[in-house]
Amino acid sequence: MTKVPSVIHWFRLDLRIHDNLALRNAINEAENRKHLLRAVYVIDPDIIKTKVGVNRLKFLLQSLQNLDENLRKLNSCLYVIRGKATEELPKLFDKWQVKFLTTQVDIDPEYVNQDVIIEKVAEEKDIFIVKRVQHTVFDVHSVLKKNNGAIPLTYQKFLSLVTDIQVKECIEITKKLSDHCKAPEKDLKGYEVPKLDEFLDESALEPCKYPGGETEALKRLHMYMAKKQWVCQFEKPNTSPNSIEPSTTVLSPYISHGCLSVKLFYHKLKEAESGSKHSQPPVSLMGQLMWREFYYTAGAGAKNFDKMVGNPVCTQIPWGKNDEHLKAWAEGRTGYPFVDAIMRQLKQEGWIHHLARHMVACFLTRGDLWISWEEGAKVFEDYLLDYDWSLNAGNWMWLSASAFFYKYFRVYSPVAFGKKTDKEGLFIRKYVPELKKYPTAFIYEPWKAPKSVQVSAGCIVGEGYPKRIVDHDKIHKENMQKMAAAYRANKEKKAIKRPRS
DNA sequence: TCTGGCGTTGTTCCC
DNA sequence: GGGGAACAACGCCAG
């Protein structure tokens, strides 16, 4: 057992040293008490096998590696604990004589449940815990309180709640940790940052398009914020879902892992916008950030936000089950080239444009396949680098017209939608290479190509590329009727619940 | 209690 | 090819 007691900062979704108040609190506490600072991250090897896809795992490990490098600049380092937080941390509380623990506030039930257990253990062991809101711009619980505990159900309503809230300045850690607060190097044994090959075979992975880490995050942020005019003119609906290079910032994976502070992003946007005419929420870049806050607020306020049943904001829809269709969708072989290209980009690169998410989410749920949004959310959880509990559930509910958005008759066409921004089908040609020689006239609808054209393009529909698993023109109309019926049933149920007095 | 305005990002047809 | 209207199938919220 160590003689000198310890202060822990438990990193979770705040894999950075900039604007990390909880980390600064831990450092200051260690200095004042003359304790050792232990910066820890807990990684559960089992979760990796089930929920986190290989690309996201790689991103996470790169972020941890970079975090360790940045901590070393502060005369500290990162301990990576293998196992479950609720089992491993209590052991370390004893081993390291922990007196003080800091961490960030999270709303993902997985973290919330962990917190309950850890806080109980900490209380028994007389460990003081400090939690800081630093994964959202606003404290979502105080936003809910401001709305009398009700969940804001529209974006505009949410904006009206936060418009007069003063956002605090970012904080920096300017002083290095004193040598006497630095834990001995030998303590690190067994807690080193994992190399990729500890968890996966790197050779099986695609080249890394978006490397993880705080350093990369800040580089990316500054690159975009330097383009003041671009920032001020940004309007999301005018960006392209199917450009070969992303038409938006791709800061999302860095934000979801906390490599980038949302508060820093907020202030940088304010700075870029100040003194210039600029676009406004919901379509502006600031508007994008506010969408995130909106979903976080809803996710914190609603029970079972990531499920249909027992979720107060979610319309109950009798989705069907079709594992073959689900699999075809997830693997990018629905027979609709635009849908398949998007799903293959997602699987390969871990990121797709927001409107591309609209396209495939609508297709899976109310548009074509009539499969529950919960199934789609699970696939996204696996594949997305920027997976985020509340955003994922919120957006899936939006697209399936289960909550927040109700115009279910607006269905994305898997043929027409992509053409608006990519007539030639370059995006399809890249991600569905078996169709790359198809003439432009048939690139979105290869089944319409005469056999001779299919032969000369080197790919027969039904052999080299799948036949359509559904007929969109027919099925989307049937699904609209089902949506109408589900809405009617929901309305009747509500009327029974709240009878006229 | 009722009503009209409005909501980040639809499609298709027609001029 | 760009813009506007028809299509017909919405719920939330402020007044």
Side-chain angles (χ1 to χ4, degrees), chain A residues 147-148 150-161 233-243 247-248 252 278-295 297-298 301-302 312-317 336 338-339 342 352-363 365-368 370 391 394-424 444-445 472-495 497-501:
Chain A
N147 200 34
N148 302 316
I151 300 157
L153 291 170
T154 67
Y155 182 75
Q156 296 304 332
K157 176 74 191 176
F158 169 79
L159 284 187
S160 75
L161 292 168
Q233 290 176 353
F234 184 94
E235 291 190 347
K236 187 62 160 282
N238 294 338
T239 60
S240 166
N242 47 4
S243 50
S247 58
T248 50
S252 54
H278 58 83
S279 53
Q280 294 290 333
V283 297
S284 62
L285 269 177
M286 181 61 86
Q288 306 312 300
L289 188 51
M290 292 300 112
W291 277 106
R292 181 175 183 274
E293 299 289 315
F294 170 60
Y295 285 128
T297 307
V313 302
C314 185
T315 303
Q316 306 297 301
I317 296 165
Y336 283 95
F338 185 45
V339 173
I342 294 167
I352 51 177
H353 186 276
H354 187 64
L355 291 178
R357 301 179 197 204
H358 278 217
M359 176 69 247
V360 296
C362 180
F363 189 89
T365 57
R366 65 189 167 86
D368 296 80
W370 199 253
L391 273 67
N395 278 309
W396 272 99
M397 281 189 273
W398 180 289
L399 260 302
S400 59
S402 301
F404 311 116
F405 171 84
Y406 309 95
K407 286 179 280 195
Y408 57 80
F409 39 87
R410 288 194 178 174
V411 175
Y412 291 85
S413 159
V415 172
F417 187 62
K419 284 186 186 171
K420 283 194 284 193
T421 41
D422 179 21
K423 283 195 183 57
E424 306 287 318
Y444 282 88
E445 305 169 276
H472 172 78
D473 290 338
K474 200 164 140 252
I475 207 145
H476 90 273
K477 285 184 183 144
E478 293 171 18
N479 289 347
M480 266 187 215
Q481 300 306 317
K482 290 192 203 167
M483 286 300 289
Y487 271 43
R488 266 198 308 275
N490 191 55
K491 214 179 216 173
E492 281 161 21
K493 213 165 71 189
K494 268 189 191 167
K497 252 190 202 163
R498 267 177 283 150
R500 293 171 55 153
S501 49

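The figures here come from the full heavy-atom set of this structure, side chains too, leaving out hydrogens, waters and symmetry mates. Naming convention: chains lettered A, B, ... in sequence-line order (proteins, then strands); numbering from 1 in each chain.
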Under the side chain to side chain donor-acceptor pair (under 3.5 Å) criterion, do Thr248(A) and His354(A) qualify, and how do the steps go?
-> CA-CA 9 Å; Thr248(A) 50; His354(A) 187 64; over 6 Å; no
Is there a donor-acceptor pair closer than 3.5 Å between any side-chain N or O of Ser402(A) and the backbone N or O of Cys314(A)?
-> no
Of Met480(A) and Lys157(A), whose closest DNA chain C nucleotide lies nearer the 5' terminus?
-> Met480(A)
Is the backbone N or O of Val283(A) less than 3.5 Å from a side-chain atom of Gln288(A), with the two atoms forming a donor-acceptor pair by type?
-> yes
When the P atoms of dG7(B) and dA9(C) are considered, how many whole Å apart are they?
-> 23 Å
Contact nearer the 5' end of DNA chain C, comparing Tyr408(A) with Ile151(A) | Tyr408(A)
How long is the line joining NZ of Lys477(A) and P of dC7(C), in whole Å?
-> 14 Å
Within the distance-only criterion (no hydrogens, no angle test), does the side chain of Tyr336(A) pair as donor or acceptor with the backbone N or O of Phe363(A) below 3.5 angstrom?
-> no
Complement of dC13(C), any strand, by Watson-Crick or G-U distances under 3.5 angstrom = dG4(B)
When you check every protein heavy atom under 4.0 Å of nucleotides 5-15 of chain B, what one-letter string (B, S, -) results, 5' to 3'?
-> --BBBBSS---
Rounded C1' spacing from dC13(C) to dT1(B) in Å | 14 Å
His476(A) NE2 to dC7(C) C1', straight-line distance once rounded to whole Å | 11 Å
Write down the distance between CG (Leu159(A)) and P (dC13(C)), rounded to a whole number of angstrom.
-> 13 Å
Is the backbone N or O of Ile352(A) less than 3.5 Å from a side-chain atom of Arg357(A), with the two atoms forming a donor-acceptor pair by type?
-> yes
Nucleotide opposite dA8(C) in a Watson-Crick or G-U pair, distances under 3.5 Å | none
d(CG, Asn490(A); P, dA9(C)) in whole Å = 18 Å
Round to a whole Å and report the spacing from CZ of Arg366(A) to P of dG11(C).
-> 14 Å
Side-chain donor or acceptor of Arg366(A) paired with backbone N/O of Phe409(A) under 3.5 Å | no
Any sub-3.5 Å donor-acceptor pair from Tyr155(A)'s side-chain atoms to Gly287(A)'s backbone N or O?
-> yes
Taking the same atom, C1', in dT12(B) and in dG1(C), what whole-Å distance lies between them?
-> 15 Å
